[in-house]
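Remarks on the structure that follows.
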Amino acid sequence: MPAIDSLRRKYVELAWGLFAAANLVAMGLWPSWETIPFHFVWISLTLTYGFRVWSLRTTAAVLAAVAAGTGSLILIDAFAGIQLWGELFEVPLMSAMFVAMVWHARRRQEALATAERRAAENERLLQRHDSFLHDASHELRTPVTIARGHLELALGMNGGARHELEVALDELGRMDRIVERLLLLAKADLPDFVVKRAIDLEPFLEDVLCRWSEVAARVWRLGPVVPGTLSADPEGLRTALDAVLENAVKYTEPNQSIELAARAEADGVVIEVSDQGTGIPPETSARIFERFARADPARTRLSGGAGLGLAIVAAIVKAHGGTARAAAGSAGTVIELHLPSFERRSSSEAPALATERLSGD
C-alpha cells in the first residue's frame, strides 16, 4: 500500500519519465529527425517542473540525466556524420533556459510561502486583537461602573462632600467616554467596522441637529442639504457627526451659531459643519484628525477633551472610503466629511432644507 500511494503521488513524474524515455528511444531510432523528440524532452521537462517544483537536489539530478542522455545521442550521431557538430550547442542552451525557469519558479514559490505565512500571522493577530478588545472592554468598564455606583450611593448619603463626589463622578464619566472612544478606534481596521445601508440624507441630518439643539445652548442651523440617498453605516455616521458637533460646541459660545449642511460633488457628497468659534490655527489643521491632537494645545483637558473625537471621525470616514478635512471659515472652523456612494434626487422631488433653531438652556 505505501508503494501504491507513492506512485499515486508521483504520477506526473512517472508519466513524464515514460514520455521522455520514448522520445530518447525515438532519437536513437531516427537520428535524422532527432531534433523533434529532443525538443519534446526539454519542453516536457520544463512543463513538469512547473507543476511540481522539485527540490534542488532532485532538479540537478534530473537536469544532468536529461542533458547527458540527449547530448550523448547527438554526440554519437555527430561522430557518425548524421548530425552537425553545432547541434551539440542545443544542449547547454536548453539547460540554461531550464535553469532560468527553475530560478523564477522557486522565487514564486518562496513568495507564495511568505504570503501564506504573513496571512497566517495576520489571522492570529486579528484573533488576538478581537480577544484584547473583548477583555479590555470588560476589564476597563467594570471598575468604572463599580466606582460610579459607590460614588452615587455616597452622594445620596453625604451632603457635606457633595462637590468632591460630583467631581469624582464627572471624572469617571470622562474616563468612561475615553474608554469607549479608544475601543472604537481599536476596531477601526476590522472588516465589519461599518455596515452600510441606504440613508435618506435630509431627515438623517435634521434628526442629528435636533438632538444636539436640545443638549447644548447654541444657535443651531440646518443649512442647504442636497436631497438624495447615501450608502453608509447609520450608527457610524451619527457617531462621527456627534464628535464633530461636540468639537464645535467646545469652541463656541452660547450666542454663536453652528450650521450643518450637505452639498453634492461629482464623486459623492460633502457633509459640512461650520461654526463661529475661535477657529483653528493654519499650522494645526493638517493634524487635528490625529489621535490625542488638539487645535489649541493651551486648552486644558477639561475644556479641550482628550483629543480622540476627530480621530474617530477620520477613522469612520476612512472606513466609508471618504476623507475628512478641516479649514478656517469666514468666522470660525469648517469640518468637511467627503463621502462616496451618494445618489442624488432631483430638487423637484425633495427641495433642500434651510432652517434655524435656537436651543434653550
Side-chain angles (χ1 to χ4, degrees), residues 1-131 189-193 318-319 321 340:
M1 289 298 291
I4 295 176
D5 291 338
S6 178
L7 290 175
R8 287 176 178 173
R9 287 194 300 270
K10 297 181 178 180
Y11 69 93
V12 172
E13 287 85 350
L14 291 173
W16 172 78
L18 293 173
F19 181 77
N23 280 278
L24 289 173
V25 170
M27 288 179 67
L29 293 177
W30 299 286
S32 59
W33 293 88
E34 70 181 358
T35 55
I36 296 175
F38 169 85
H39 286 97
F40 278 166
V41 171
W42 283 101
I43 292 172
S44 63
L45 171 62
T46 303
L47 292 174
T48 304
Y49 183 84
F51 279 105
R52 292 304 197 191
V53 188
W54 306 310
S55 66
L56 287 176
R57 180 178 297 181
T58 302
T59 303
V62 173
L63 176 62
V66 171
T70 55
S72 298
L73 290 171
I74 293 176
L75 185 63
I76 292 171
D77 293 337
F79 273 114
I82 302 173
Q83 289 289 347
L84 297 174
W85 287 95
E87 292 294 328
L88 282 172
F89 288 104
E90 287 282 338
V91 177
L93 178 62
M94 297 300 291
S95 299
M97 293 177 64
F98 176 72
V99 168
M101 197 280 297
V102 168
W103 181 73
H104 283 288
R106 296 192 69 83
R107 283 192 63 190
R108 180 176 178 274
Q109 189 181 50
E110 291 171 1
L112 288 173
T114 301
E116 289 174 357
R117 285 196 303 271
R118 289 180 179 175
E121 290 172 2
N122 289 337
E123 186 176 356
R124 288 194 297 270
L125 287 174
L126 188 59
Q127 291 174 350
R128 290 168 58 188
H129 186 256
D130 290 341
S131 178
D189 295 327
L190 297 180
D192 58 346
F193 180 55
K318 181 182 178 182

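All values reported here derive from a predicted model rather than from experimental measurement. In what follows, residues are counted from 1 in the order of the sequence shown.
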Output the distance between atom [atom1] ([X]) and atom [atom2] ([Y]), rounded to the nearest 0.5 Å.
X: Met27; Y: Ile36; atom1: CE; atom2: CD1; answer: 11.5 Å
X: Leu75; Y: Glu87; atom1: CG; atom2: CD; answer: 12.5 Å
X: Met97; Y: Leu45; atom1: CE; atom2: CG; answer: 12.0 Å
X: Glu90; Y: Ser95; atom1: CD; atom2: OG; answer: 10.5 Å
X: Leu73; Y: Ile82; atom1: CG; atom2: CD1; answer: 11.0 Å
X: Leu29; Y: Leu24; atom1: CG; atom2: CG; answer: 11.0 Å

Qualifying side chain to side chain donor-acceptor pair (under 3.5 Å) pairs, either residue in residues 57-79, two or more places apart: Ser55-Thr58
Inter- and intrachain pairs under side chain to side chain donor-acceptor pair (under 3.5 Å), touching residues 96-108, at least two apart: none
Ring pair (Phe, Tyr, Trp, His ring centres under 6.0 Å) partners for Tyr49, two or more places apart: Trp54, Phe98
Gly71 to Val91 - nearest heavy-atom pair and separation: CA-CG2, 3.8 Å
Parallel, tilted or perpendicular, as decided by the 30° and 60° cut-offs, for the rings of Phe40 and Phe19: tilted
Note, Phe38 side chain near Met94 side chain (heavy atom, < 4.5 Å): yes
